[in-house]
Visitor: 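Have a look at this one.
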Amino acid sequence: MLAGQFKDWYGITFPLQAWTNILVTERYNHRETEPKWQAFWEQNQSFRAVRDEARPKYYVLEMFPYPSGRIHMGHVRNYTMGDVIARFRRASGYNVLHPMGWDAFGMPAENAAIERGVHPKGWTYANIATMKAQLKSMGLAIDWSREIATCDPSYYKHEQAMFIDFMDKGLVERRTSQVNWDPVDHTVLANEQVIDGKGWRSGAVVEKRELAQWFLKITNYSDDLLSSLDRLTTWPEKVRLMQKNWIGRSEGMRFSFDLEDEAGQLLKDKLSVYTTRHDTIFGASFCALSADHPMVKSLEADSPAIATFRKEVAALGTSEENIERAEKKGVPLGIYARHPFRAGVRVPLYAANFVLMGYGEGAIFGCPGHDQRDWDFATKYGLPILPVVGPRDGAAVDVSQGPYLEDDASKVHIINSDFLNGLSVEDAKSEIANRMEEMKIGERRVNFRLRDWGVSRQRYWGCPIPVIHCETCGVVPVPKKDLPVTLPEDVTFDKPGNPLSHHPTWKHVNCPKCGGKAQRETDTFDTFIDSSWYFARFCSPAAPMPVDPSDARYWMGVDQYIGGIEHAILHLLYSRFFARAMRDTGHLGMDEPFNALFTQGMVTHETFKTLEGEWVVPAEAVEMDGKWTHAKTGEPLVVGDIEKMSKSKKNVVDPDDIIATYGADTARWFMLSDTPPERDIEWTTSGVEGAWRFVQRIWRLVQEAASATGSADGTSLRRTTHKAIAAVTDDLENLRFNRAIARIYELSNALGAGLQGGTDAAAVSEAAKALVLLSAPMMPHLAEECWKVLGVEGTVVGTPWPKADPKLVIDDQVTMAIQINGKRRDEITVAKGLTKDQLEPVVMALESVKRLLDGKPIKKFIVVPDRIINIVC
RNA sequence: GUGGGCGUGGCGGAAUGGUAGACGCAACGGACUUAAAAUCCGUUGGGAGAAAUCCCGUGUGGGUUCGAGUCCCACCGCCCGCACCA
């Protein structure tokens, strides 16, 4: 539908028409000009970033793409935004670093190998070549000399070296642990990669398995990662909150119960639990242990009931639906916990399905009076429910229908709790903590939800983990002189599992320590490691060390980072951790890599379906009199919801088609118009055509302006021009692209009117130049071409950002609204800066005011200088 | 459940507590044209009126204020994150 629509008259020169002496100009031909200027910028290395201590730097970075094959509209939006910032900052005098690279390791390459028999490396580099050409056709102001691909040994060599440094620093651990196993991708997933109990990529239900894994000790930095969020004031509040919740700090106590058997005999073992509500200890009516708790496991052999229960819990899995539906269930263990403060009182132990082994101690005490979960459990098993928190006003507490939950701590106090009675929750916690610490049965403890980062993956297309397993020496890091450990290329993908471990020779090596027979680690890194430090590598992409300190000192941190909200936790948290780990191993001199973060919205599109429910691509949907039909088959189509562009719903528009038909400038302009950048944008044909018409309009206006000879007063146009300069500058500084564009439309409207009205040629020329310069960050090719038409020396990329003349930005006259009792009744245009005393006689003399006041006395005369007058009567 | 965000014309959206609807899209009318496209000019929140002008209007109901789309409270609706975290 899109292609071909303009084909017939594309580039046609319209003849001069006899009825007018206005020059009818050629249409702007992006097919000629866009490649021309792209070549010009490349030849002149216009965007090459060179360190220059004398100039202020500005590092703008968009999240680098995965080379999946072709770019999509989400990339176009993301990279357009970054490019506008880069070009704007560059024109404003900053030394700009705007690099691009490829997040090139990952499973799609292996899947392609399995499905189509191509080699992951060949597939990846072919995709990079395609996508690089596509990005270049967008006219991005990128320093391509800094391009990096994470699958290149010259990149991952340094990743391996840093991993060894992390090992030396105690930031790496190898331990057997229960892992999330993706049965489709045959690999381990990090907690962060498990979404609703399913693999984030395969969508398969995740299983639990015990495996020896490499871990990065991100939890060493839990406190710092959390508290430093407060410093990231230019990050979206939402992202900071998500990270805060993810790290999940809670202040509580760990303490242990003495245990006894049915008969009251003291047992050797104790039960350690974690709680944040130790003030409710007198309301405890049971203890619940995770099905995976060591104590439960040890009882399994002797108790069929416990064994069955453990199987049930394992079968339930971790998916959201199951958890929601699952009843609170448990099995008594036949063991009892002695209450630490009530001699002779004991509560039963249960294995329970709602207690997580991975958090706290994997065991809790249940206080059903004040916790929904505990209440459900106690009700099911007939356990006592004793309220121990009640309203301060002494009102009765009814816990027969549900727990008593009051958020407002000032309204409640402790009841039924011996020495705690009457205390506030806070004081009761502190009292219990002191007593338990005295008794040496527990201590105050801060707990985090954040787990260490499991980074082992049983995949081929990733960075090899640089260690060797030796029977005599154990785990031996690969000596740095032997790095990089490169991937073998002769691998096969005909059986499930890791091709590296199937490879006949690769893993067999001699131990670097003892020289004996040893085996390479065949796991590779989680690809999130690759993307956790690339921003630093861009500062010195060819350095012999991971990061050249002097380059990093100059360029880091990233002044503006832009990407999707989907990376709010994983990528951004890992990067923050990596910066800290790199700091502690001497690779980087800072801990927060991204000074400012911006998360852009998605690109959406209408969906189309046939009556049979088959998705149809928008390019094949044709509208006729409000009805949609299939372009080829003619069958009627149903218009569905507006949704994120996705291959599965076929509501995608190919950037190549758009750039070929309308040009990159049009696509860029559309992406920034109308919709605020953080919101989802709907791609529409009419919107693109509107952007395309504006390209043509600028082109025409500039042609006309170039030959303008008018002499009528140009003050008004000059004011509009300088106001536009001031406003667009402010909007671009604050990433309000849609507002900047509205201002540019206003300027073009004023210029059009000025040309019609024969406005002074100098003012017209000034307006036209401003129009070109202000729109240049968004439409760089058109701007260069217009610059030539205006006959100005040099190029737009070589021209500094225009400066607004303050005298022309501020009006000497203002129109003030006149309100009576808060309702707008009239307006008055007066000199700027008049005071209340100067305004009052003038306003009171107005006919409209006299009539509306109708002789009523005035109570107040309010003046907001240069804005509004409100008469209260 | 819990945390957060948002509700403004036919649509996308503007609006430091100070003239609601900038700017764009769409629609309609006109000019130009043999015709169409393109372009240009105009109209476009609702209602009353010939007009001047007036009334109503930012999800609903209250409140603070000289003045509320904006601040506060309650409710309704939509969207997003987290999800048995002790």
Side-chain angles (χ1 to χ4, degrees), chain A residues 6 8-9 14 17 19-20 22 24 27 195-197 236-239 241-242 244-246 248-250 252-253 273-278 280 287-288 290 318 320 323-324 326 328 352-356 358-367 371-374 376-377 447-449 565-566 568-569 670 673-676 678-682 684-691 693-694 696-697 700 727 736 738-749 752-753 756 815-827 848 859-873:
Chain A
F6 301 104
D8 297 341
W9 38 272
F14 281 62
Q17 311 220 347
W19 49 270
T20 172
I22 296 171
V24 174
R27 261 169 207 288
I195 295 151
D196 299 344
E237 187 58 35
K238 182 180 174 148
V239 173
L241 217 105
M242 283 164 75
K244 192 179 162 203
N245 291 339
W246 191 263
R249 183 179 196 274
S250 74
M253 285 209 77
V273 300
Y274 179 73
T275 181
T276 55
R277 290 302 305 272
H278 29 295
T280 64
C287 284
S290 165
T318 51
E320 183 189 342
I323 288 168
E324 283 238 319
K328 306 288 168 277
N353 64 350
F354 64 91
V355 181
L356 306 172
Y359 187 78
E361 300 295 302
I364 61 159
F365 77 81
C367 177
D371 182 283
Q372 185 67 52
R373 246 176 0 198
D374 295 349
D376 293 346
F377 191 81
N447 228 326
F448 293 93
R449 287 186 53 200
I565 187 75
E566 68 272 18
I569 297 172
F670 173 82
S673 306
D674 299 343
T675 304
E678 68 278 9
R679 282 192 220 173
D680 292 351
I681 190 170
E682 188 196 348
T684 61
T685 306
S686 60
V688 184
E689 284 172 1
R693 278 201 298 274
F694 187 65
Q696 300 299 336
R697 181 168 153 79
R700 268 196 318 276
R736 292 187 296 244
N738 57 320
R739 288 212 322 199
I741 280 179
R743 294 303 199 148
I744 291 169
Y745 275 115
E746 281 176 353
L747 176 58
S748 75
N749 290 342
Q756 293 261 316
T815 300
M816 296 177 72
I818 299 172
Q819 296 182 338
I820 294 174
N821 291 332
K823 282 197 181 224
R824 181 183 175 280
R825 292 300 176 178
D826 202 353
E827 60 180 37
S848 57
K859 290 192 192 135
K860 258 188 194 173
F861 192 89
I862 296 158
V863 173
V864 180
D866 299 330
R867 294 223 135 194
I868 211 159
I869 296 155
N870 191 10
I871 304 166
V872 185
C873 64

Visitor: Give me, pair by pair, the N or O atoms of the protein and of nucleotides 77-80 of chain B that are less than 3.5 Å apart, along with how far apart they are.
Guide:
residue : atom : partner : partner atom : Å
B:C80   : O2'  : A:K238  : NZ           : 3.0

Visitor: In chain order, what residues pass the side-chain hydrogen bond (donor to acceptor under 3.5 Å, both in side chains) check against A:Q372, with sequence neighbours excluded?
Guide: A:D376
Visitor: Compare side-chain N and O positions of A:R449 against OP1 and OP2 of B:C82 and report whether any pair is under 4.0 Å apart.
Guide: no
Visitor: When you compare the protein's N or O atoms with those of nucleotides 44-48 of chain B, which come within less than 3.5 Å of each other, and at what distance?
Guide:
none

Visitor: Within the 4.0 Å heavy-atom criterion, would you say A:V273 contacts the bases, only the backbone, or no part of the nucleic acid?
Guide: nothing
Visitor: List every contact pair, protein side and nucleotides 53-57 of chain B side both N or O, where the distance is under 3.5 Å.
Guide:
residue : atom : partner : partner atom : Å
B:C55   : OP1  : A:R825  : NH1          : 3.2
B:C55   : OP1  : A:R825  : NH2          : 3.3
B:C55   : OP2  : A:R825  : NH1          : 3.1
B:C56   : OP2  : A:K823  : NZ           : 2.9

Visitor: Can you check nucleotides 22-29 of chain B for protein contacts, nitrogen or oxygen pairs under 3.5 Å, and list what you find?
Guide:
residue : atom : partner : partner atom : Å
B:A22   : O2'  : A:E746  : OE2          : 2.5
B:G24   : OP1  : A:N749  : ND2          : 3.2
B:C25   : O2'  : A:S686  : OG           : 3.3
B:A26   : OP2  : A:R693  : NH2          : 3.2

Visitor: For nucleotides 62-68 of chain B, list the nitrogen or oxygen atoms of the protein found under 3.5 Å from its nitrogen or oxygen atoms, one pair per line.
Guide:
residue : atom : partner : partner atom : Å
B:C66   : OP1  : A:K860  : NZ           : 3.4
B:C66   : O2'  : A:N870  : ND2          : 3.3
B:C66   : O2   : A:N870  : ND2          : 2.5

Visitor: Applying side-chain hydrogen bond (donor to acceptor under 3.5 Å, both in side chains), can you list everything that pairs with A:E827, at least two apart in sequence or on another chain?
Guide: A:R824
Visitor: Assign B:G9 to syn or anti; the rule is syn for a glycosidic angle within 90° of 0 and anti otherwise.
Guide: syn
Visitor: Return the set of residues passing side-chain hydrogen bond (donor to acceptor under 3.5 Å, both in side chains) with A:R697 (not counting sequence neighbours), or none when no residue passes.
Guide: A:N749
Visitor: Given that A:L241 and A:E361 both sit by RNA chain B, which one's nearest nucleotide is further toward the 5' end?
Guide: A:L241
Visitor: Can you name the ring pair (Phe, Tyr, Trp, His ring centres under 6.0 Å) partners of A:F377, sequence neighbours left out?
Guide: A:F286, A:Y350, A:F354, A:Y381
Visitor: Under a 3.5 Å cutoff on both atom distances, Watson-Crick or G-U, what's the dot-bracket for RNA chain B ([ ] crossing, | other strand)?
Guide: (((((((..(((.....[....))).(((((.......))))).((((....))))..(((((..]....))))))))))))....
Visitor: Kindly state each residue pair satisfying salt bridge (Lys or Arg N to Asp or Glu O under 4.0 Å) with at least one member in residues 860-873 of chain A, sequence neighbours excluded.
Guide: A:K832-A:D866
Visitor: What distance separates A:K859 NZ from A:N821 CG, expressed to the nearest 0.5 Å?
Guide: 7.5 Å
Visitor: Sequence neighbours excluded, which residues qualify as salt bridge (Lys or Arg N to Asp or Glu O under 4.0 Å) partners of A:E566?
Guide: none
